[in-house]
K.L.:
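There's a structure below that I have some questions on.
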Amino acid sequence: MLQQTTVTAVIPYFERFTQLFPTVGDLARADADTVMGAWAGLGYYARARNLHACAQVVARDMGGHFPDTVEGLRALPGIGPYTAAAIAAIAFGRPVVPVDGNVERVTTRLFAMTDPLPRARPAIARQAAHLNDDPLAHDRPSDFAQALFDLGAGICTPRTPACALCPWRDACAGLRKGIAASLPHKTPKAPRPTRYGVHFHLTDASGGLLLHRRAESGLLGGTLGLPGPQWRAERWSTEEALRHAPPGRPAPQWRHVGEVRHVFTHFTLIVDVYAARIARFPNTIARDGGLVHPCDGLGQMGIASLMRKCITLAAASTE
DNA sequence: GATCCGTGGTA
DNA sequence: TTACCAAGGAT
C-alpha cells in the first residue's frame, strides 16, 4: 500500500484491509470484487490485483509462508526490488538496504551525487547498499531501514532539509558543498497533456444506477464506473457526446450537469457529466456490458475516485 | 530505458 | 493555481 502513497493516506485502508483479510489465506480466498472494493480510492489498482495474486501464490504454493530471501520475495507478483528488500530487512532481518525515494535523496546528498535521475538510479543503489556496512547498523537491518526512511521523511526532506538536526551532518558531502537541498537532480518531465471524456449517470425510478466494469488492465483496471466513450485529446460537443449515451425507450432526457476535472500521473482529464432518469432499465442492459446497482449501496464497490466525483456531481444536481 | 499507472497533501 | 511529491512495479 505504501508504494508511492503517503502513510497518512494508507492508514485507514490498512486498518480496514487487515480487518477484512487477517491472514494470507483469507486474502487468497477472497473474490476480486471484495479486494477491489477494499482498495477503491487508494489508486494504482494494479497493486490490488498483484497483492491478491501474491497471496494466492503464497497460500497455494508456499503453505502460507512468505519467502525469507530477497530473491524469493522478488519473484512474487507486485514485489519489486524495493519491496523485496524492505520485507527482507524489516520482516526477516536480512542485512539489505531498501532503496526508496527517501533513501535515494539521503544517499545523493550524503555523497554529493549530482548525476540526474532516473539515469543515476543504479549508481545510487550501489552506494546505498554500503550504508549499513557499519556493524552497529548491520546487526539491526530492520531498525536501520526504518531509520533511513524516517531520516528522509523528517530531516532530509525534499525542500528545506533540517541539516542542523541531522545526525549525519558532519559526514554529508552535499551539505559541505552547499548543494544538499538541490539534490537529487532530476531530468525535466514532459508537460502533462489534457484529455476529455464523457460519462453518463443513468438512474431508474427504483434507485438503480447504471455502471460498467472497466477492462482488467490499463487505466483504472478492474474498477467500476459510469459508461461513456473513450477519452480523447479533443473536447466533445453535446451532439457528439450524446451519440455515445446508453440507449433507452423512450429515449432518456439527458441533462449536462457539469464537468469533473481529475489529474492523473501523466495527463489531466476533463469529464462532461450527463444525467437522466428513466422509468425502468431495458432487459438488454446486461447484454451491452452494463450492470445496475442501487445508488445507496455504492460504498463497498470498487469505484475509483474519479468516478465517485462524477456520481456525486450528478446525484447532487438531480435532487 | 521510457511509459503507464491514482490520489491527496503541501509550499 | 501550479508543481511537486509520496515506503514503486510491470511492461
Side-chain angles (χ1 to χ4, degrees), chain A residues 1-14 36 39-54 73-91 96-107 116-125 128 141-154 156-161 181-195 214-223 225 231 260-269 271 302-310:
Chain A
M1 285 182 172
L2 288 164
Q3 291 168 358
Q4 294 289 284
T5 306
T6 56
V7 173
T8 307
V10 160
I11 286 173
Y13 283 89
F14 177 82
M36 198 56 81
W39 199 277
L42 200 51
Y44 285 146
Y45 297 97
R47 295 182 299 177
R49 296 194 301 275
N50 288 334
L51 185 58
H52 193 204
C54 177
L73 289 160
R74 178 68 186 76
L76 291 167
I79 298 187
Y82 160 75
T83 306
I87 296 172
I90 295 171
V96 292
V97 180
V99 182
D100 70 336
N102 290 308
V103 179
E104 284 184 343
R105 188 167 56 253
V106 169
T107 303
L117 291 171
R119 190 178 67 198
R121 200 148 274 148
I124 297 170
S142 173
D143 289 338
F144 185 70
Q146 297 189 64
L148 271 181
F149 299 155
D150 287 342
L151 183 65
C156 196
T157 53
R159 287 173 288 225
T160 62
S182 75
L183 296 174
H185 293 170
K186 300 188 177 182
T187 55
K189 292 171 187 169
R192 195 197 319 266
T194 300
R195 300 180 70 184
R214 301 179 61 84
E216 281 303 313
S217 62
L219 197 73
L220 306 182
T223 63
W231 306 334
V260 165
R261 174 182 297 262
H262 193 80
V263 180
F264 291 98
T265 306
H266 51 297
F267 65 93
T268 296
L269 178 70
V271 176
I303 300 173
S305 293
L306 161 66
M307 292 299 174
R308 289 192 184 276
K309 286 189 200 173
C310 295

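Order of the sequence lines fixes the chain letters, A, B, ..., with proteins taken first and strands second; residue numbering starts at 1 for each chain. Predicted model only: the values in this text are computed from it and were never measured.
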K.L.:
Rounded at 0.5 Å granularity, tell me how far CG in A/L151 sits from CG in A/N102.
P.N.:
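Here the interatomic distance stands at 8.5 Å.
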K.L.:
Any base atoms under 4.0 Å from A/P98, or only sugar-phosphate, or nothing? Heavy atoms, all strands.
P.N.:
nothing
K.L.:
Ignoring hydrogens and angles, tell me if any N or O in the side chain of A/R308 forms a donor-acceptor pair with the backbone of A/I303 under 3.5 Å.
P.N.:
yes
K.L.:
Would you check if the side chain of A/R119 reaches a backbone N or O of A/K186 as a donor-acceptor pair within less than 3.5 Å?
P.N.:
no
K.L.:
Are any side-chain N or O atoms of A/R49 and backbone N or O atoms of A/M36, one a donor and one an acceptor, separated by less than 3.5 Å?
P.N.:
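Between the backbone of A/M36 and the side chain of A/R49 there is no qualifying donor-acceptor contact (under 3.5 Å).
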K.L.:
Between A/R192 (side chain) and A/T268 (backbone), is there a donor-acceptor pair under 3.5 Å?
P.N.:
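No, the answer is negative, given that no donor and acceptor are paired below the 3.5 Å cut-off.
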K.L.:
Whole angstrom is fine here: how far is it from OH in A/Y82 over to C1' in C/dG9?
P.N.:
13 Å
K.L.:
Between P on C/dA7 and CG on A/D150, what's the gap in Å once rounded to a whole number?
P.N.:
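The distance from CG of A/D150 to P of C/dA7 comes to 10 Å, rounded to the nearest Å.
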K.L.:
For A/E216 and C/dA10, what is the distance between atoms CD and P respectively, to the nearest whole Å?
P.N.:
17 Å
K.L.:
Tell me: CZ of A/R74 to P of C/dG9, nearest whole Å?
P.N.:
7 Å
K.L.:
Answer yes or no: does atom CZ of A/F14 have more than 12 heavy-atom neighbours from other residues, nucleotides or ligands under 6.0 Å?
P.N.:
no
K.L.:
To the nearest angstrom, how far is A/L73 atom CG from C/dG9 atom C1'?
P.N.:
15 Å
K.L.:
What does A/T160 touch in the nucleic acid at a heavy-atom separation under 4.0 angstrom: a base, only the sugar-phosphate, or nothing?
P.N.:
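Nothing: the residue A/T160, judged by heavy atoms under 4.0 Å, touches no strand.
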K.L.:
Is a side-chain donor or acceptor of A/R195 paired with a backbone partner of A/W231 at a separation under 3.5 angstrom?
P.N.:
yes
K.L.:
Taking the P atom of each, how far is C/dT11 from B/dG6, in whole Å?
P.N.:
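The answer is 14 Å between these two P atoms.
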K.L.:
Suppose you measure atom P in C/dA7 against the same atom in B/dA11; what distance do you get, rounded to whole Å?
P.N.:
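Per the computed distance, 15 Å lies between those P atoms.
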K.L.:
Please work out which residues in residues 99-106 of chain A have a non-hydrogen atom less than 4.0 Å from an atom of DNA chain B and list them by number.
P.N.:
none
K.L.:
Would you mind reading off the distance between A/L2 atom CG and C/dG8 atom P, rounded to a whole angstrom?
P.N.:
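Distance check: A/L2 CG to C/dG8 P gives 8 Å.
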K.L.:
Okay, side chain of A/Y82, backbone of A/G101: is any donor-acceptor separation there less than 3.5 Å?
P.N.:
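Flag not set: sc A/Y82 to bb A/G101 has no pair under 3.5 Å.
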K.L.:
Atom CG of A/L220 and atom CZ of A/R214: how far apart are they, to the nearest 0.5 Å?
P.N.:
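Taking CG in A/L220 and CZ in A/R214, the distance rounds to 5.0 Å.
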K.L.:
Give the rounded distance in Å between these two atoms: CD1 of A/I11 and C1' of C/dA6.
P.N.:
14 Å
K.L.:
To the nearest angstrom, how far is A/L51 atom CG from C/dG8 atom P?
P.N.:
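Rounded to the whole Å, the gap is 16 Å.
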K.L.:
Starting at the 5' end of nucleotides 3-11 of chain B, put B wherever the base has a protein heavy atom under 4.0 Å, S where only the sugar-phosphate does, and a dash everywhere else.
P.N.:
-SBBBS---
